[in-house]
Amino acid sequence: MRKGRMAQDLNSRIYLQLLGSGFSRASACRLVDAVNHKTANAAAMTETEALNLVKHHIRTSLPALNKTGDGERVKMFIGPTGVGKTTTLAKLAARYSIMKKKKVGLITTDNFRIAAAEQLETYAKIMGLRMAKASSRETFEKAVKSFSDQDVVLVDTPGRARPDEGYLHQIGFTLPDQVVETNLLINATGSQDHLENIVSAYSRFQISNLIITKIDESGKLGTLYDVIAKTKKPVTYLTCGQNVPQDIEEVTPARMANLMMRCSDFDNGGIVGQSGKRVQGVI
């Protein structure tokens, strides 16, 4: 049976730390209340114990990947311009082909930015991978069929800073009839409102997973908590720089909780970004 709430000063410290880490006021209140209402003898808890319980609640409330293996064979990467789709795709292509020894095919549907196709083509040549270009559903289906002997097919798409209806329709028109894993990339530096608008705009494509980019450029990653919780889609990867195939990490709810709470003293882990500086909070 619960024996009282945490001391008022401890409640305040936990709440203010959550705000300082980027959590919304509503989420900070819910997390503090969760510790108070679901913990026996809350009044006797230390700050370290309380923070660990907050982190546990964050971990258990985030959606987890429920698939085994590598998911669908065809993986599409969508998101606004500048979020890092092409670079992230190249990192994953390297992971699949070099680390997992899989045969990988690349497709680009980005016919708006010539530089993007050239960039992906350069990565393909360096890694010795085949690449195809597609501008319609017909050419996309043809490209996918040409990669029938590949274990994984990674698909790059064009981006827009503000996805309008015409742009979203164009992506939808390119999508094949077959099952595709759709990965939405969002930038960790965006505000909560901006990220929620991005997720809402792309939700028509039946998002499978989220990939969070540029975590090394954000100091308040608690902002991601509400976005992920509302999306109800698992985060599969984090990126923290431009190096290929480095600067990318597979992620779990436990690691996301550490990252969001990285301002706390009990987190000692981290991942290495492009600058070589360790990003605290991921273990």
Side-chain angles (χ1 to χ4, degrees), residues 65 67 69-110 113 115-133 147 150-159 180-190 198 202 207-218 221 224 228 233-252 255-256 259 269-279 281-283:
L65 191 67
K67 293 180 179 179
D70 292 321
E72 302 297 341
R73 190 177 76 92
V74 180
K75 304 175 187 296
M76 179 170 281
F77 299 83
I78 61 176
T81 185
V83 76
K85 292 189 297 297
T86 304
T87 304
T88 300
L89 187 147
K91 293 173 184 178
L92 290 173
R95 288 174 69 91
Y96 280 116
S97 62
I98 298 172
M99 298 173 61
K100 297 187 177 183
K101 308 299 182 184
K102 292 184 177 292
K103 293 182 288 184
V104 180
L106 305 178
I107 299 175
T108 180
T109 64
D110 192 345
R113 296 182 304 130
E118 291 179 344
Q119 182 185 16
L120 188 59
E121 193 167 16
T122 298
Y123 284 131
K125 288 180 179 179
I126 292 173
M127 291 183 279
L129 305 178
R130 289 160 50 196
M131 176 183 148
K133 299 178 183 179
F147 289 137
Q150 303 298 292
D151 300 311
V152 181
V153 179
L154 306 179
V155 184
D156 197 13
T157 63
V180 171
E181 178 184 292
T182 305
N183 298 277
L184 175 63
L185 280 71
I186 58 175
N187 188 334
T189 63
I198 291 296
Y202 284 93
I207 299 166
S208 305
N209 308 306
L210 296 175
I211 296 176
I212 313 295
T213 65
K214 305 183 181 181
I215 63 166
D216 53 326
E217 298 178 16
S218 176
L221 291 154
L224 299 168
I228 297 169
K233 299 298 179 182
V235 178
T236 52
Y237 292 97
L238 304 171
T239 76
C240 60
Q242 297 296 312
N243 293 326
V244 177
Q246 301 88 358
D247 297 344
I248 189 168
E249 289 279 341
E250 290 186 68
V251 70
T252 63
R255 299 176 84 180
M256 284 304 305
L259 180 62
I271 63 177
V272 178
Q274 183 179 14
S275 64
K277 192 184 222 179
R278 186 159 285 276
V279 179
V282 180
I283 57 175

Taking all atoms of both residues into account, what is the closest heavy-atom pair of [X] and [Y], and its distance?
X	Y	result
Met127	Ser97	SD-OG, 4.5 Å
Asp216	Cys240	OD2-O, 2.8 Å
Leu120	Thr108	CD2-CB, 3.9 Å
Val251	Tyr237	CG1-N, 3.7 Å
Ala188	Ile215	CB-CA, 3.9 Å

Spatial distance of atom [atom1] ([X]) from atom [atom2] ([Y]) [nearest 0.5 Å]:
X	Y	atom1	atom2	result
Lys214	Leu185	NZ	CG	10.5 Å
Met76	Ile207	CE	CD1	13.0 Å
Glu121	Met131	CD	CE	5.0 Å
Leu221	Leu238	CG	CG	8.5 Å

Are any of the side-chain heavy atoms of [X] and [Y] separated by less than 4.5 Å?
X	Y	answer
Ile107	Asp156	no
Leu184	Ile211	no
Gln119	Thr86	yes
Phe77	Thr157	no
Thr213	Thr88	yes
Glu249	Arg255	yes

Problem - Between Asp247 and Thr239: side-chain donor-acceptor atoms closer than 3.5 Å - result: no

Exercise for the section: Measure from the side-chain N and O atoms of Ser208 to the backbone N and O of Asn183, and report whether any donor-acceptor pair falls under 3.5 Å. Expected result: no

Problem - Lys85 side-chain N/O to Gly79 backbone N/O, donor-acceptor pair under 3.5 Å - result: yes

Practice task
Would you sort out whether Thr236 and Leu210 count as a side chain to side chain contact (heavy atoms under 4.5 Å, CB included), showing the intermediate values?
Solution key: CA-CA 6 Å; Thr236 52; Leu210 296 175; over 6 Å; no

Practice task
For the pair Glu250 and Arg95, find out whether any cationic side-chain nitrogen is under 4.0 Å from an anionic carboxylate oxygen.
Solution key: yes

Practice task
Would you mind checking if Arg73 and Glu181 are paired as a salt bridge, meaning a charged N to carboxylate O distance below 4.0 Å?
Solution key: no

Problem - Working for side chain to side chain contact (heavy atoms under 4.5 Å, CB included), residues Val74 and Phe147 - result: CA-CA 10 Å; Val74 180; Phe147 289 137; over 6 Å; no

Handout entry: Counterpart residues, side-chain contact (heavy atoms from CB on, under 4.5 Å), relative to Thr122 (two or more places apart)
Key = Ile126

Practice task
Please determine which of Leu129, Val152, Asp151 meets the side chain to side chain contact (heavy atoms under 4.5 Å, CB included) test together with Tyr96.
Solution key: Val152

Problem - Working for side chain to side chain contact (heavy atoms under 4.5 Å, CB included), residues Leu106 and Leu89 - result: CA-CA 9 Å; Leu106 305 178; Leu89 187 147; 3.6 Å; yes

Exercise for the section: Check the pair Gln246 / Lys91 against side chain to side chain contact (heavy atoms under 4.5 Å, CB included), numbers first and verdict last. Expected result: CA-CA 7 Å; Gln246 301 88 358; Lys91 293 173 184 178; over 6 Å; no

Problem - By side chain to side chain donor-acceptor pair (under 3.5 Å) - contacts of Thr189 (at least two apart) - result: Asn187

